[in-house]
**Q** 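Could you have a look at this structure, given as structure tokens, before my questions?
Counting from 1, the numbers follow the sequence of the chain as shown.
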Amino acid sequence: MDLVESWHFLGQLILLLGAAVAAGAALEAVGVSAIIGYLLAGVVLGPGVTGLIADVDSFQLVAELGVSLLLFSIGLEMTPAKLRGFGMRGIIVGLLQVVVTLVAAATVAALFGMGFKASIVIGCIVAMSSTAVVVRLLVDRGELDAPRGREALSVLLAQDVAVVPMLVLVGVLGATATAEANIVAVASDQLTDAAVGMLIVVTILVVVGVFILPRLLGASVFRKNRDFAIVIAIITCMVAAWISHALQLSPALGAFVAGVVLARVSFARQIRADTGALRAVFLTLFFASIGLLAQVGDMFEPRILAMVAGILLIGLLLKFLITFIAIRITGGHRTVALGAAFCLAQFGEFSFVVGSEARASGVIDEALFQATIGASLLSLLATPILVSRAKPFSLSLNHLLVGARLWKPARLEEIDVESKLTGHVIVIGFGPAGEEAARTIRLSGLEPFVLEMNPTTVRRVRGEGMRAEIGDGASRDILEHAGAAEASAFVVTIPDPGAAIAAIHQIRTLNTEATVVVRGRYSRRLAEIMSAGADQVIDEESTVGTLLGATVVKRGTGYAGEETESWPRPRDRADT
């Protein structure tokens, strides 16, 4: 690619990204997931409609990087504590849904005349739901901790893990595409090679992640400049993807393993938060590039249109029923199971990943690939309605079936479980000021939750019996994890006014009612801090000056006097 071509590609990249953001924002404004906007932007700009972006292949590397970063971030969430939180039942529900849906969908596809390999791919595509869309909608509605939200999350977690063996399976099917006569032997060889490759990748990443990165990230030079930690994490992800590709495995697979290994590092949550912006850019390009592949004209051909309708209708029905049954037979209440099944009925982002891998490997033809894209797009369009109306739909369906005497009446009041953290006080920064604030809050009977970037300090805080996390208080992900939406108050002790203002902005996007008290390091920045959303600002310069003067007067005269014995009043909204 020469210089002219490089600039041409950059222009197309900017066009695609800008159009995707514009379409996503427009759809978000009317309650539809932005992911649909990203996909539709690619469809419109691609060769199937306007042809403004004709060279689709140039965007495939960017798309693969987006998937790798997504799986890397998912791997970072796979901590032992999180897995234990779902319990054995959650694991069983997730595995049942994935395996049974895959087998059932593949069987139905085979009955309709599709080949064995294509049927397996259809099963994989139908089995996957959209983690990005469903979790976003549940969080926005405050329903992630509701019973149906927890059930849906356990299934989504299993699906996120299942995408890794699915990608290996698609690779094996692709490798045997030209070896029908000896498919078992070739498949066995491919699985052996994949297993050896995985062992190499895991060994390298475990050595790096367990013995090298924790010491590297914990070094004082890296603690002082957080950019180093972000860059090292991205390098680890990309190197893992490159090694995986070099071993003829999926790059996304290596990135996922890297995330799992780094999940045990104390900086894992901060790494995930810091790489969020980069991940968002590449994922936007990933969905838009999938849209580029859609040939709208071809989708209206009778054969492809019939496949779209079949995959969509039969797939949604199968997935709904299997998800309901999996939750029900493991002890879940039927209304909760119905609600979770409505939330998970769609096909998700990993359906595109599996379909793209299968198409590139020659497992499915172009017509079937276009049909899967069309079905997935239509299912995602219905997701906001299904998630938002999951509870009333499930209650209505339950009432209908009880009225038809297909099952017995049962009483359930689905009460959204309160977050484990509610009414607590989040203290951002644990220097001397933050330490005194947290201890005072604790003595009053309130529960402090400390956010601090220094891992040594966090361990000390936990040792004192207080909750603490390594993280930047200006990060939305970190604040959400700390239960910012349910906090009663925030104490921002960061000395840097710019960082304090950034933290306040994020706090106010999550919680508009809580009291926000802020340390004002410099008097000249107090107005900015107040306008950012602080309720009270302790003017450090004024406070220290008053106390210094009062101390001198008291030592010299033995009495501070009426004008100096009172403490300076904190700056609050009434002063602005």
Side-chain angles (χ1 to χ4, degrees), residues 14-46 48-50 52-53 66 70 128-144 146 148-149 152 156 276-277 279-294 296 299-300 308-309 312-313 315-316 319-320 339-352 373-396 416 476 480 485 505-506 508-512:
I14 294 170
L15 174 64
L16 182 62
L17 188 58
V21 171
L27 290 183
E28 281 272 348
V30 295
V32 179
S33 172
I35 290 176
I36 305 300
Y38 304 156
L39 291 164
L40 291 178
V43 172
V44 172
L45 293 176
V49 181
T50 63
L52 291 175
I53 298 178
L70 176 62
M128 305 303 288
S129 302
S130 177
T131 302
V133 176
V134 174
V135 172
R136 172 73 178 274
L137 290 169
L138 289 173
V139 168
D140 288 347
R141 294 178 56 81
E143 295 176 349
L144 196 60
R148 66 181 177 281
L156 289 170
R279 183 175 67 249
V281 171
F282 277 100
L283 273 179
T284 300
L285 289 170
F286 163 70
F287 286 114
S289 65
I290 290 295
L292 291 174
L293 299 173
V296 178
M299 287 185 185
F300 287 99
V308 170
L312 179 65
L313 298 177
L316 290 180
K319 196 170 186 180
F320 177 85
F342 277 116
C343 291
L344 298 171
Q346 81 292 136
F347 316 140
E349 56 270 9
F350 287 124
S351 298
F352 297 117
I373 287 180
S376 299
L377 273 171
L378 292 173
S379 73
L380 282 171
L381 281 170
T383 302
I385 298 173
L386 292 175
V387 173
S388 64
R389 305 295 296 168
K391 184 175 180 179
F393 281 169
S394 60
L395 291 174
S396 298
D416 289 357
R476 184 186 179 94
E480 285 179 343
H505 281 307
Q506 289 298 336
R508 285 310 186 196
T509 63
L510 298 170
N511 191 328
T512 58

**Q** CD/Glu28 to CD1/Ile36 distance, rounded to the nearest 0.5 angstrom?
**A** 10.5 Å
**Q** What is the minimum heavy-atom distance between Ala23 and Ala41, and which atoms define it?
**A** CB-CB, 4.3 Å
**Q** Give the minimum heavy-atom separation between Ser129 and Leu156, together with the two atoms involved.
**A** CB-CD2, 3.8 Å
**Q** Without swapping roles, check the side chain of Lys319 against the backbone of Met128 for a donor-acceptor pair under 3.5 Å.
**A**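 Side chain of Lys319 to backbone of Met128: a pair is present.
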**Q** With rounding to the nearest 0.5 angstrom, report the CG to CG distance, Leu292 to Leu45.
**A**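 Between atom CG of Leu292 and atom CG of Leu45 there are 7.0 Å.
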**Q** Provide the closest heavy-atom pair for Thr284 versus Ala20 in the form atom of the first, atom of the second, distance.
**A** CG2-CB, 3.7 Å
**Q** What is the distance from atom CG of Leu344 to atom OG1 of Thr383, rounded to the nearest 0.5 Å?
**A** 9.5 Å
**Q** Ignoring hydrogens, what is the shortest heavy-atom contact between Cys343 and Ala390? Give both atom names and the distance.
**A** SG-CB, 3.8 Å
**Q** Do Ser376 side-chain atoms and Ile373 backbone N/O form a donor-acceptor pair below 3.5 Å?
**A** no
**Q** Quick check for you: to the nearest 0.5 Å, what is the distance between Leu386 atom CG and Phe342 atom CZ?
**A**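 CZ of Phe342 is found 7.5 Å from CG of Leu386.
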**Q** For Gly374 and Val308, work out which heavy atoms get closest and say how close.
**A**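 Gly374 and Val308 have their closest heavy atoms at C-CG1, 4.1 Å.
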**Q** Tell me whether Leu52 at atom CG has more than 12 heavy atoms from other residues, nucleotides or ligands lying less than 6.0 Å away.
**A** yes
**Q** Could you measure the distance from the CG atom of Leu313 to the OG atom of Ser379? Nearest 0.5 Å is fine.
**A** 11.0 Å
**Q** Would you compute the distance between atom OG of Ser130 and atom CZ of Phe347 and round it to the nearest 0.5 angstrom?
**A** 12.5 Å
